[in-house]
Each structure stands twice: as structure tokens, then as C-alpha cells.
Amino acid sequence: MQTPRTKIVDVLQLEPPRAGVRVKGWARTVRDSKQVVFIELNDGSCFASLQVVVNPELANYEQLRKLTTGSAVEVVGEVIASPAAGQRVELKATEVSVIGLADSTFPLQKKRHSFEFLRDIAHLRARTNTFGAVFRVRSALAQAVHEFFQQRGFVYVHTPIITGSDAEGAGEMFRVTTLDVNKPPRTPEGAVDWHEDFFAHSSFLTVSGQLNGEAFALGLSDIYTFGPTFRAENSNTSRHAAEFWMIEPEMAWCDLDDDATLAEAFVKHLMRTALERCADDLAFFNKQIDPGLVARLQHVLESNFERMSYTEAVRRLETSGQKFEFPVHWGANLQAEHERYLTETLVGRPVFVTDYPTEIKAFYMRRNDDGKTVAAMDLLVPKIGELIGGSQREERLDVLMQAIRSMGLNPEHYGWYLDTRRFGTAPHAGFGLGFERLVMYVTGMENIRDVIPFPRTPRNCEF
RNA sequence: UCCGACAUAGCUCAGUCGGUAGAGCAGCGGACUGUUAAUCCGCGGGUCGUAGGUUCAAGUCCUACUGUCGGAGCCA
């Protein structure tokens, strides 16, 4: 029987000498000569590659001299202490099989490529140092999200991907239909008759699981969602995608303060996880992508997050003497430049800005007693600005209905949502975190297209 | 969607005053070496994003379109 494969992450931990070790991976580089061939083998299990040393005694030595970058290879050999600098151990091959040769058109070279070029070959990006690291970190963070909430007894709720509600209020939606777009059924008036569609009415891809999440929190107390969401906005930026993943906890018996406390613990758990479990990958990002990254994450982990009302934040910005492209004034949304100046310069650490003007926030946020603001919070962090947005929700039926009407919305579209306030309503709060923005923050990557395996953006749905 | 920049070899780029295409790397062939994004010698590789226009002549100037990038808006 064959010896089982050992992943390279484990091979690199072995104490040499150790014979009969089998590894499988892809050649990152091959250096050949008459006397010896060196293969850098990577299987994605860790950042580092394993140096395989091939001597001319092997029967297929001449074939191996032609081995190309990108080829899939299986090696059996002895792990020995490396006689040369550059690696602690290496694998002295006794048997090398070429499983899948990459021909000379393999586009990845032994040099740095631009991220723009790599996006065109997204199906091969996982073979690179940077993207291997990005997606290992992304996976570790996803695991950490579940860990955090599960440890606190939160119930993971799978909110629907397809929704019949076009009133989630978070942006343009993708329509889901099985009708023939060239020949849709018509009403007598000539409009498309959506009653003939699969769900017997209009349906869309979800833009947020929050409203469903609230319904489940008012029954299970603490819940969270973590899943894909979709926005059909024509946003052409490095921070927006049409398909992205969102994390939305929702807690009953919880006010805005509790909400912020949870968000702070959550962010710190994620930072700690990344620093502890992805040290090699983060060291790479810190060196090649974003100098200062590790120190910044460490700083967030060790800071007490500031809390400051919107009114106070505007006052501090107005009196700071700093010139902004867009002036600050009470009642306007904080611009990205304001948010960053606040957290980076005025406060110097992460800051929750709370209690925003009613007019600039969503209908479901709880009205404060001052009649001017709602119990909303944004968590601002150095370098990127807003990382988390949340609020205490309006649990009072009459106030909520009034809010819906005053924003020009129709309460009839919110039937089941309003039921939750009709039957045993209770105070509750929650927040939302865009998972890709988190991955960007932790890796230092600056384009959302480079932290999703196969990004969907306007005019781009390849792969 | 708005503003700006850019589009030349597989990749990253240069190309001056408008005169008919260059480098490095990669690839291929060879040499050499316990190598480390190895090194050395040689070779092949281009409808200059697309469509028009100006001109004796356009990679170069003009217009439109498409795409990419950066910023803004929207937002996560």
C-alpha cells in the first residue's frame, strides 16, 4: 500500500531525517542542471514551499530537467536537514512523478504580476503567493466569525437568498425570474404580469438578511447571519462588488451600548485570530503589500474603542481646523475623509460614532428621545474608515409605522415585519459587517476584486 | 453614474519634432552551477484596444466607442 500524502505545512515541521515522505503539489520554480534539479513545490497548505532536490540517479531525470513552472508533481523522498541556506529542511527525492505538465503557455511567471493581470486569469490566481495567502486568511476569518458567535450561544440563521420583498431598503436589486424576457406575459394594461412568474410575484436576490434576522432574534434572542448578498448598483470602485458576503448579528434584549460592546469584542476576536493563526501569511502582507499592517492590527486589538456621538464628532471635526474637500456640518453624512481624520488623527484608535440624524439613516433605526437622532452606530477604524454599521431597532409599532410613512415608504409592504412588533415586540439591536471589507482590512489588499475568489462587478461575470 | 488617467510583444514598460517597432523579464535551444525570482550565450515573438478622420506619411495629432485603473457618489 502507498504511503499517504503529507501536506507541505506538516512536512516543514518534521524533524529530519525522515524517509518515505510523499508530497503532492505544483512547481513554483524549477532550477535544473546536469548534476541536480531543484523544484520549489507548493500545495497551498501554507505560505512556504518545499524544496525538492532531484539527483541524476533517478530514471526519469532527463524528463524532470524539462519540468515547467506550474506543473503538478508527486514526490516520494527523505526529509533531510538542508545543507544550504534558505530553508531548514528539504526533500531528497527517491521518486518523482509528473502528474500534470503545464505547457510553455502557462501564464504565471517567476516574478511579480500586476493584480490587474491576475484578475484576467482568476482561475489561476490560487497558484500565487499573494492569493494563496489571501484565501487562507479569508477562510480562517470565516471560521473565526462562527467561533465568536457560537461561543456566545448565538444561533446561525440561514436567511433567504431569494426574497419576495423589494423593500429591504439597501440598494438596487437583481430580479430573479423564469419568464421569457423576450416574450413575457402581459396584463390587460400591457405591463409585465409578474403573477405568471415562478413565485407568482416579483422576486429578487437579497440585499440584506437583517429584517429576517430581526424576526428570528425575536424568538431565539441571539442570532447571526453569514451569507452572500447582492447589489445591482452600478458602483465602479475598489470597495464594491455585486455579490459579497455579509455578517449580521441581531440580539433581543439589547440596546445600542450592548451592540457596540459586542462589535468591539467581535472585531478584536477577528484580529487576534488572524494574528495567531495566519502569522506567515500576515508577515508576507506586511512585507510585500502593506507595511505597517501587523502593527495596525495589533493596535486595534489592544485599543479601547472610543465612543462618541455624531453631534460630538461633527463638533470635533468643525473645530479641528482641518480643511476638507467637503465641509462638515450637522445633518450631513460624514464623508470618507471625515471618518478617517476622526479615527486616525483626532482619536487615534477605533471609534464608534453614535446617534446620527434621523434623516440620513434607515427607517428601522430606533428614534431617540431628542426627536432629532436615531440609535445608530458606525465603527470607524484607521486606514479604511467605516468597518461596521449597526443600530438599535425601532421596536415600538406606532413609531415604526410613522417612520416608514415619513420616509415615503408604504407600510403595507412591511406586513410580516410589522407583525414582529405587533406580537410580543422587544428591544433589539444588531449590526452588519461586509466580510470582504474585513478581509481587505486584515490583509492590506486594496481592491475587493482581490479578496473574493471570482468577483462579480459591473460588466464582469467571468469564470 | 460623474471626474481624471491609461490602452504598444506572454508580462512590466520605453518609444523625443509625425518618417513605418524597442528593452528587461518570460518562452524556446544550449552551457554551467547545492541552486534560492540562479547565472551566461543564442533564437523566435507585434493588425501599437476598436472604428473613423487629418496628413505625402500616424504608435505618435483629432473624434467616437470599448475596456482597465484611480478618485467621487451610492453603500457593505
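First the proteins, then the strands, lettered A, B, ... as listed; each starts at 1.
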Check: [X] side chain, [N] base, donor-acceptor under 3.5 Å:
| X | N | result |
| --- | --- | --- |
| Asn236(A) | U1(B) | yes |
| Ser104(A) | C28(B) | no |
| Glu90(A) | U36(B) | no |
| Glu116(A) | G70(B) | no |
| His240(A) | C75(B) | yes |
| Glu233(A) | U1(B) | no |

Distance check, [atom1] atoms only: [N] and [M], in whole angstrom units.
| N | M | atom1 | value |
| --- | --- | --- | --- |
| U35(B) | C40(B) | C1' | 15 Å |
| U20(B) | G24(B) | C1' | 24 Å |
| C13(B) | A51(B) | C1' | 27 Å |
| U39(B) | C48(B) | C1' | 34 Å |
| A26(B) | A37(B) | C1' | 12 Å |
| C61(B) | A23(B) | C1' | 26 Å |
| G53(B) | G18(B) | C1' | 15 Å |

Response to the item:
With syn defined as a glycosidic angle within 90 degrees of 0 and anti as anything else, the base of C17(B) is syn
To the side chain of [X], which of [options] is closest?
| X | options | answer |
| --- | --- | --- |
| Arg459(A) | G34(B), G67(B), G10(B) | G67(B) |
| Arg239(A) | A72(B), G67(B), C28(B) | A72(B) |
| Thr68(A) | U36(B), C28(B), U12(B) | C28(B) |
| Ser114(A) | U12(B), U36(B), G10(B) | U12(B) |
| Asn447(A) | C75(B), C11(B), G70(B) | G70(B) |
| Lys34(A) | C32(B), U12(B), C25(B) | C32(B) |
| Gln109(A) | G71(B), U36(B), G10(B) | G10(B) |
| Arg31(A) | C32(B), U35(B), C11(B) | U35(B) |
| Arg231(A) | G34(B), C75(B), C69(B) | C75(B) |

Worksheet item: Starting at NZ of Lys110(A) and ending at P of G24(B), how long is that distance when rounded to a whole Å?
Response: 18 Å
Worksheet item: For the pair made of CG in Leu118(A) and C1' in U12(B), what is the distance, rounded to whole Å?
Response: 12 Å
Item to complete: Could you tell me whether Glu250(A) and Arg393(A) have a side-chain N and a carboxylate O separated by less than 4.0 Å?
Response: yes
Practice prompt. Decide, yes or no, whether a salt bridge links Lys383(A) with Asp290(A) under the criterion of side-chain N to carboxylate O below 4.0 Å.
Written response: yes
Item to complete: Compare side-chain N and O positions of Lys361(A) against OP1 and OP2 of C75(B) and report whether any pair is under 4.0 Å apart.
Response: no
Worksheet item: Name the one of Arg119(A), Arg138(A), Arg239(A) that satisfies salt bridge (charged side-chain N to carboxylate O under 4.0 Å, His left out) with Asp450(A)?
Response: Arg119(A)
Response to the item:
5'-most contact on RNA chain B (nearest-nucleotide basis), Thr29(A) vs Thr105(A), goes to Thr105(A)
Fill in: Residue whose closest nucleotide on RNA chain B lies nearer the 5' end, Asn234(A) versus Arg65(A)
Asn234(A)
Worksheet item: Is the Phe266(A) ring parallel, tilted or perpendicular to the Phe431(A) ring (thresholds 30°, 60°)?
Response: tilted
Discussion item. Could you check, using the six-membered ring where one of them is a Trp, whether Phe363(A) and Tyr414(A) have ring centers closer than 6.0 angstrom?
Written reply: yes
Worksheet item: Near Phe244(A) CZ, under 6.0 Å, is it more than 12 heavy atoms from other residues, nucleotides or ligands?
Response: yes
Practice prompt. Tell me, yes or no, whether the heavy-atom count around Lys24(A) atom NZ, taken from other residues, nucleotides or ligands under 6.0 Å, exceeds 12.
Written response: yes
